[in-house]
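Notes follow the structure.
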Amino acid sequence: MCGIVGHVRPLAPVISSAATPEVEGRTLCVLLDGLGRLEYRGYDSAGVALVGPSGLQVAKAAGKLENLRAAIAAEPPAPATAGIGHTRWATHGGPTTENAHPHRAGSIAVVHNGIIENFRALRAEVEEAGRALLSDTDTEIAAHILDMDFTARLAEATAADPSADPAQVLVESMRAVTERLEGAFALLAVTSLAPEAIVAARRSSPLVIGLGDGENFLGSDVAAFVAFTSRAAEVGDDQILLLRPDSVTVWDKDGCIVEPKGWEVSWDASAAVKGGYETFMDKEIHDQPAAVADTLLGRVDERGEIQLDEMRIDPAVLRSVDKIIVVACGTAAYAGHVAKYAIEHWCRVPVEIELAHEFRYRDAVVSEKTLTVAISQSGETMDTIQAVRHAREQGSKVLAIVNAYGSTIAREADAVLYTHAGPEVAVASTKAFLAQITACYLLGLYLAQLRGNKWPEEVADYLAKLGEMPDKVQWILDEQQSVVRALGAELADRSSFLFLGRHVGFPVALEGALKLKELAYVHAEGFAAGELKHGPIALVEEGLPVFVIVPTPRRPILHDKVLSNVQEIRARGARTIVVAEEGDDAVDAFAEHIIRIPAAPTLMAPLLTVVPLQIFAAALAGAKGLDIDQPRNLAKSVTVE
Ligand code: M6R
């Protein structure tokens with residue numbers, strides 16, 4: 001979830017631009033402007049690499065972009081003709097200057113967004129070649145592998161033809177190296193031997209081209225260059241690019257030149273930090289397919305077994321665990337609640353869900369055989385920090401599921417399983433919730449594998465189903481969003497809503513109600529559908545909007561019970577809004593509104609059913625003219641008890 005930017009211009013330039021009148025420093029100016037607009041993608045560190053008549057220069061700094069700006073102001077680089085920049089959301093290696101991109105190897109510098117899954121095997125190769133590594137990153141390994149290939153290939157090419165073009169040779173090296181890389185990447189490389197070129201490659205990580213007049217750009221999204229050009233072009237998976245000041249050449253994976261599909265960016269630089277979306281929440285809702293995919297990335301080895309590198313708890317301890325306690329607050333606690341159903345089912349270990357602030361003040365039964373799982377997007381929620389400390393004092397091992405790298409909870413826990421959702425800016429949590437469920441499921445399957453509760457084929461089957469979820473989330477965004485938004489606007493004058501769910505649909509109902517409360521300031525309650533008759537049904541009156549999460553019809557025992565609940569409330573005048581699988585026609589007769597989700601197994605459904613509830617809450621709040629990203633009275637990270 002990092003941000004990358006690239007710019008190339010001619011050696012003897014005459015580019016006039018109102019945006020950057022100082023022609024000589026234009027490349028640096030473009031990179032810093034782009035990084036500023038991409039900083040929402042990560043802000044653990046930032047850096048730039050520049051090539052030009054003075055060779056290769058690299059500047060980088062830990063922390064926010066302002067630190068890089070200060071470093072550059074203190075030691076201004078010489079004018080450059082090509083440059084690449086990076087703003088980092090740490091995955092491999094802490095947020096230090098050494099781990100900041102660009103990474104340099106020989107004449108080459110590289111920036112990278114994504115995770116190279118087979119970097120351990122490649123690292124051995126680099127070390128065997130006697131190369132010194134300065135960072136803990138997968139990217140530095142890629143830089144060395146690329147430089148090793150480039151050095152050898154260039155020597156051969158110039159021996160055959162002294163005028164061989166180093167940029168073209170770097171293209172060949174990029175192709176050869178990326179064929180060996182597993183995982184996801186957008187890689188940009190510059191070399192001092194070809195100062196008017198950037199070579200790039202992409203697989204499952206975002207990368208777009210910006211087409212200028214006598215100059216060209218690259219970015220993780222168009223925000224990177226929208227201040228300089230509105231002409232953009234797509235980069236497909238496994239394509240290799242060569243950018244020169246006056247040309248862009250793209251090769252597909254078979255080495256054939258292809259014409260990239262272009263478009264005109266319709267929004268201006270002021271919207272860029274939100275990637276063109278009106279609000280961060282909207283953007284983060286759309287980030288969800290990537291959040292799930294990135295959280296799964298790099299966690300299954302070549303034998304199909306789950307490898308949680310960050311799991312620093314002795315497997316013998318994990319085998320002896322007789323209870324799991326999840327400590328978390330708000331949305332993170334609901335993610336834990338969803339996971340309870342899966343982990344108990346897969347591992348046959350009891351899972352308790354504890355609000356972190358309650359856990360600490362009661363005499364919970366915790367021992368060395370208890371595994372405490374602390375879930376937190378920020379890793380800085382004080383209630384959860386205190387719960388972690390309390391659990392450790394009782395002798396429990398603590399595993400943290402955290403999004404923010406190097407945060408307090410990540411540091412204090414015995415082990416960390418990072419969600420790779422990228423920075424979540426909107427106060428209302430969305431993509432973190434999906435990433436937390438995904439990480440909890442990885443943990444559950446890992447424990448089932450370790451403890452022998454599931455056969456390898458069963459674990460592989462669940463992983464395959466999880467792997468299908470990003471596309472299914474995307475389907476909801478593509479196909480159902482407008483219906484849900486219209487409903488949000490239509491119901492903007494209502495002051496009360498109910499949300500019902502059964503089994504994993506219950507915590508989803510709680511989360512749907514929380515989203516509406518915090519964003520739209522209306523009364524909203526979530527219930528277990530079966531609990532309704534025990535009291536809450538008295539709330540139902542004519543026209544009350546009630547959301548019902550309907551389980552898959554392939555689990556009739558759950559499905560039919562929830563359908564009965566829908567009939568009960570409808571008979572009492574409720575306006576029923578049903579979230580149901582495609583093809584589940586049984587709901588048609590009882591639903592005033594139907595929101596469809598793609599078919600999925602029961603345990604996977606929360607990753608889908610929650611998405612329309614998020615969209616609905618944001619749309620309703622928007623229709624009321626409320627501040628969606630920063631609702632009243634709330635803070636993104638609750639750092640006091
Ligand atoms: O950073 P954390 O995940 O620890 O935060 C926990 C809750 O404060 C958080 O999930 C909160 O409930 C969200 N704003 C809800 O959208």
Side-chain angles (χ1 to χ4, degrees), residues 89 279-285 287-288 291 295 326-339 353-360 372-389 391 398-413 416-440 499 507-522 524 526 606 610-611 613-618 620-621 626-641:
W89 175 260
T279 62
F280 276 109
M281 182 170 172
D282 196 12
K283 177 191 166 294
E284 287 158 12
I285 286 172
D287 280 347
Q288 293 186 117
T295 300
V326 174
V327 291
C329 301
T331 294
Y334 297 147
H337 195 158
V338 169
I353 310 303
E354 287 271 0
L355 292 172
H357 35 89
E358 287 295 314
F359 171 69
R360 196 177 158 217
T372 302
V373 177
I375 308 178
S376 174
Q377 188 285 129
S378 62
E380 299 295 347
T381 299
M382 185 50 79
D383 292 316
T384 312
I385 293 172
Q386 296 295 2
V388 167
R389 290 176 183 161
V398 175
L399 170 75
I401 292 182
V402 166
N403 197 39
Y405 197 93
S407 54
T408 306
I409 293 173
R411 282 187 276 111
E412 294 199 9
V416 195
L417 184 52
Y418 281 108
T419 51
H420 293 150
E424 194 179 63
V425 178
V427 165
S429 193
T430 52
K431 60 178 177 173
F433 180 69
L434 266 68
Q436 284 159 352
I437 294 173
T438 306
C440 285
F499 291 77
V508 170
L510 296 172
E511 172 63 1
L514 174 61
K515 287 285 91 82
L516 206 49
K517 277 184 267 209
E518 68 180 328
L519 289 172
Y521 319 149
V522 293
V610 75
V611 177
L613 308 188
Q614 299 164 340
I615 297 168
F616 177 80
L620 194 142
L626 299 173
D627 186 338
I628 292 171
D629 286 336
Q630 294 180 329
R632 72 183 180 201
N633 305 338
L634 293 172
K636 182 65 186 159
S637 181
V638 183
T639 54
V640 289
E641 274 191 87

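In this text, all values refer to a predicted model and were calculated from it rather than measured experimentally. Counting starts at 1 for both ligands and their atoms, in listed order. Hydrogens, waters and symmetry mates are skipped; everything else that's a heavy atom, side chains included, is used.
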[X] side-chain N/O to [Y] backbone N/O, donor-acceptor pair under 3.5 Å:
| X | Y | value |
| --- | --- | --- |
| Lys431 | Glu284 | no |
| Asp383 | Ala356 | no |
| Gln288 | Ile285 | yes |
| Gln630 | Val427 | no |

Enumerate the atoms of ligand 1 whose separation from the nearest heavy atom of [X] is less than 4.0 angstrom.
| X | answer |
| --- | --- |
| Ser378 | 1 (O), 2 (P), 4 (O) |
| Cys329 | 6 (C), 7 (C), 10 (O) |
| Lys515 | 15 (C), 16 (O) |
| Ala428 | 16 (O) |
| Ala332 | 3 (O), 10 (O) |
| Gly330 | 12 (O) |
| Gln377 | 1 (O), 2 (P), 3 (O), 4 (O) |
| Ser429 | 15 (C), 16 (O) |

### Query
Would you call Val427 a ligand 1 contact, heavy-atom distance under 4.0 Å?
yes
### Message
So for Glu380, does at least one of its heavy atoms come nearer than 4.0 angstrom to any atom of ligand 1?
### Response
no
### All salt bridge (charged side-chain N to carboxylate O under 4.0 Å, His left out) counterparts of Glu424, not counting sequence neighbours
Lys636
### Query
Got a sec, which residues hit ring-ring contact (aromatic ring centres under 6.0 Å, His included) with His357, two or more places apart in sequence or on another chain?
none
### Task
Show your reasoning for whether side-chain contact (heavy atoms from CB on, under 4.5 Å) applies to Met281 and Leu519.
CA-CA 10 Å; Met281 182 170 172; Leu519 289 172; 3.5 Å; yes
#### Entry: Taking every non-hydrogen atom, the tightest pair across Ile353 and Ala333
CG2-O, 3.9 Å
### Task
Say whether Glu518, considering both its backbone and side-chain N or O atoms, lies within less than 3.5 Å of an N or O atom on ligand 1.
yes
